[in-house]
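A short worksheet on the structure shown next.
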Amino acid sequence: MANQEETFDAVIVGAGFAGLYMLHRLRNLGLSAVVFEQGDNVGGTWYWNRYPGARCDAESLAYSFSFSEQLEQDWAWSERYATQPEILAYAEHVADRFDLRRDIRFDCRVESAVFDEVANRWQVSSERGDRISAQFCIMATGCLSVPQRPDIAGLDDFAGDLHQASLWPHEGVDFTNKRVGVIGTGSSAIQAIPVIAEQAGNLTVFQRTPNFSVPAVNGVLDPQWVAQFKANYRAHRANHKQGLGQGFGDLEIEPKEQGPVAMAGAELTDAQLQAVLESYWQTGGARFMGAVGDAIVSEETNRAFADFVHAKIRATVNDPAVAEVLCPQNHPIGSKRICVDSDYYKTYNRANVQLVDVAASPIQKITATGVQVDGDVHELDVLVLATGFDAMTGALLRMDIRGVAGVTLADKWAAGPVSYLGLTVAGFPNLFTITGPGSPSVLSNMLVSIEQHVDWLADCIAHMQSQQLARIEAADTAQSQWVAHVNEIANATLFPKGGSWYLGANVAGKPRVFMPYAGGVGAYREFCDAVAQDDYRGFEFA
Ligand code: N01
């Protein structure tokens, strides 16, 4: 029997960092809000992705909330790149510190959200029977929250232990003396492989597409350095939010204007370029791609970056044939999300690790005992799927979302996602997508983008409250112009050449549209702020 309808000002879907902060902001505005979360705890992606070696690829001191100075001063990150358990502990701390749990319903998946045009409210239903009426419906569902299970014949026949990286068992997995296989070589696998190899009896990696990976140069943070960094925290935060790049953070005690060494690779002699790349390689981290300003724009600069990494792979991996298989040749570096690793390439020098090139000979099937390639079965006790996500749109389209005239979001996005600012969709009034397609989202430090969206939204909702406005909706023309702008920026880069999940290319039948906004978090913030200042240009209110 369906439950009685409850009334709130806002429903928030998801209790990851976006949902937590949104709840906090709405409460401070005096609004009533309820959060639905399918997991049994907060943390979102950091709740689910517990595979060995899981950690963030943004600097810890940048991948954290900036809204509370006390919180940022009190919380002590232990490593340059925080581990999954530490980030999850941080999310739990935030939930407790701001007393957020009392408005979160756990183990509760939202099934549908239907807009009532007469009342200007959303009717939201959960699988377990909750029924909510709310003026605002805020999707904080994450960009990488729907695991992509590969369509490989026989997967269910495997008689050993089968695990998906993004749905890792809470009790962990013991690989001791086990024959382990990993399918996939994206960020998740690249983090997990070195850790699994240390423990497993034998590890076989099934690689279809090699990825570029740069060393993390992770390490324990020096408390003295942290204290100095934190003394300048406001200036650092301003850099992350308004800088040219994507807000990933840096290691400078004195915050500097975040700018590339040179805007174009062509401005440098070959020796200068090599020196710059070497310096970024030694410093570590995803900011390698920002060593020169046009790495993701100029084919020539990009090739120089790729050649540099190929040379590093060849210098690291002892077996030249294995090194060649690990060298990505079919996409520009950075057009697929650059990976950040600890000892990934070195792992292939271990006697207990084998690489199987399943681009050359595709996986034929999974049998009860292992993975069959080219007629041979690689016998395994444990098989790990690190095969990625139905990114950016997956979580939204799994729900039955219906806007004006009953049009579904699935229909609206049949040819790929369209939005205004990556925050709203024409025809879906009072519905917001935090870090949605069309915003910097996955190209950026997610915490920076989440805070920016939540703050913008909170201000917008406060504006509506003060003006007693019942309904906000993106105008079709504003949406079309924004989509054109997002595409124009993407098409000026090498991103669309990557065949990546950024484009939906990893999911059969998904439209190929480059989904994130590639213009940088600073430019994006400026645009959003200008929209608000200009009386919410591009929106229609009622
Ligand atoms: O997923 P992926 P991921 N047979 O899609 C392969 C974020 N993240 O979970 O490229 C064989 O990148 C697939 O091969 P191919 C980060 O944004 C962040 O690793 O399709 N192989 C690919 O190698 C990242 O980009 C962090 O040919 C198959 C792999 O599986 C995003 O999450 C850590 C296959 C999937 O790679 C996703 O990363 C982890 C098949 N049938 C993740 N199907 C950090 O913060 C798929 N593959 C550091």
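In listed order, ligands and their atoms are each counted from 1.
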Is ligand 1 less than 4.0 angstrom away from at least one heavy atom of Val340?
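It does not, in that no heavy atom of Val340 comes within the 4.0 Å cut-off of ligand 1.
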Test of understanding: given a 4.0 Å heavy-atom threshold, classify the contact between [X] and ligand 1 as side chain, backbone, both, or neither.
X	result
Phe206	neither
Thr185	both
Cys339	neither
Tyr51	side chain
Ile152	side chain

Stepwise side chain to side chain donor-acceptor pair (under 3.5 Å) test for Gln148 and Thr387:
CA-CA 6 Å; Gln148 177 69 8; Thr387 46; over 6 Å; no
Tell me the nearest of [options] to [atom], using heavy-atom distances.
atom	options	result
atom 46 (C) of ligand 1	Thr387, Ile87, Asp390, Asn330	Thr387
atom 44 (C) of ligand 1	Gln148, Gln207, Arg55	Arg55
atom 10 (O) of ligand 1	Lys336, Gln164, Arg208	Lys336
atom 29 (C) of ligand 1	Gly388, Ala386, Ala505	Ala386
atom 32 (O) of ligand 1	Leu385, Leu144, Leu443, Leu155	Leu144

Matching residue for Tyr517 among Phe527, Phe495, Trp482 - test: ring pair (Phe, Tyr, Trp, His ring centres under 6.0 Å)
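Testing Tyr517 for a ring pair (Phe, Tyr, Trp, His ring centres under 6.0 Å) against Phe527, Phe495, Trp482 leaves exactly one candidate, Trp482.
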Apply ring-ring contact (aromatic ring centres under 6.0 Å, His included) to Phe288 and Trp281, showing your working.
CA-CA 6 Å; Phe288 177 76; Trp281 186 266; 5.8 Å; yes
For [atom], grab the closest protein heavy atom and report residue, atom and distance to one decimal in Å.
atom	answer
atom 27 (O) of ligand 1	Thr209 OG1, 2.4 Å
atom 6 (C) of ligand 1	Gly184 CA, 3.6 Å
atom 36 (O) of ligand 1	Gly186 CA, 3.6 Å
atom 19 (O) of ligand 1	Ser188 N, 2.8 Å
atom 11 (C) of ligand 1	Ile183 CG2, 3.6 Å
atom 45 (O) of ligand 1	Asp57 N, 3.2 Å

Counting only N and O atoms by type, is there a donor-acceptor contact under 3.5 Å from the side chain of Asn49 to the main-chain atoms of Trp168?
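Checked: no pair found.
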Determine whether a donor-acceptor pair (N or O, by modelled atom type, separation under 3.5 Å) exists between the side chain of Asn349 and the backbone of Thr316.
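A pair under 3.5 Å: yes.
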Run the side chain to side chain donor-acceptor pair (under 3.5 Å) test on Ser449 and Thr435 for me, step by step, so that the C-alpha distance in whole Å, both residues' side-chain angles and the decisive distance to 0.1 Å come before the verdict.
CA-CA 7 Å; Ser449 286; Thr435 64; over 6 Å; no
With nothing but distance in play, are any N or O atoms of [X] less than 3.5 Å from an N or O of ligand 1?
X	answer
Trp501	yes
Ser187	yes
Gln191	no
Asn506	no

Donor-acceptor pair between Ser60 and Glu79 side chains, under 3.5 angstrom:
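No donor-acceptor contact under 3.5 Å links the two side chains.
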Distance-only polar pair, side chains of Gln191 and Tyr51, donor-acceptor under 3.5 Å
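Yes, a side-chain donor-acceptor pair sits under 3.5 Å.
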Just how far is it from atom CD of Gln207 to atom OG1 of Thr204, taken to the nearest 0.5 Å?
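Spacing of CD (Gln207) from OG1 (Thr204) equals 13.5 Å.
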How far does CG of Leu162 sit from CG of Asp157, to the nearest 0.5 angstrom?
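If we round to the nearest 0.5 Å, Leu162:CG and Asp157:CG are 11.0 Å apart.
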Other residues, nucleotides, ligands: >12 heavy atoms within 6.0 Å of Asp151 CG:
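It does not: Asp151 CG has 12 such atoms or fewer within range.
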What are the atoms of ligand 1, with element, lying closer than 4.0 Å to any heavy atom of Cys56?
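Within the 4.0 Å cut-off of Cys56, ligand 1 contributes 45 (O).
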Steps toward ring-ring contact (aromatic ring centres under 6.0 Å, His included) verdict (Tyr47, His170):
CA-CA 9 Å; Tyr47 170 86; His170 288 203; 5.2 Å; yes
Any non-hydrogen side-chain atom of Ser68 less than 4.5 Å from a side-chain atom of His24?
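No, side chains not in contact.
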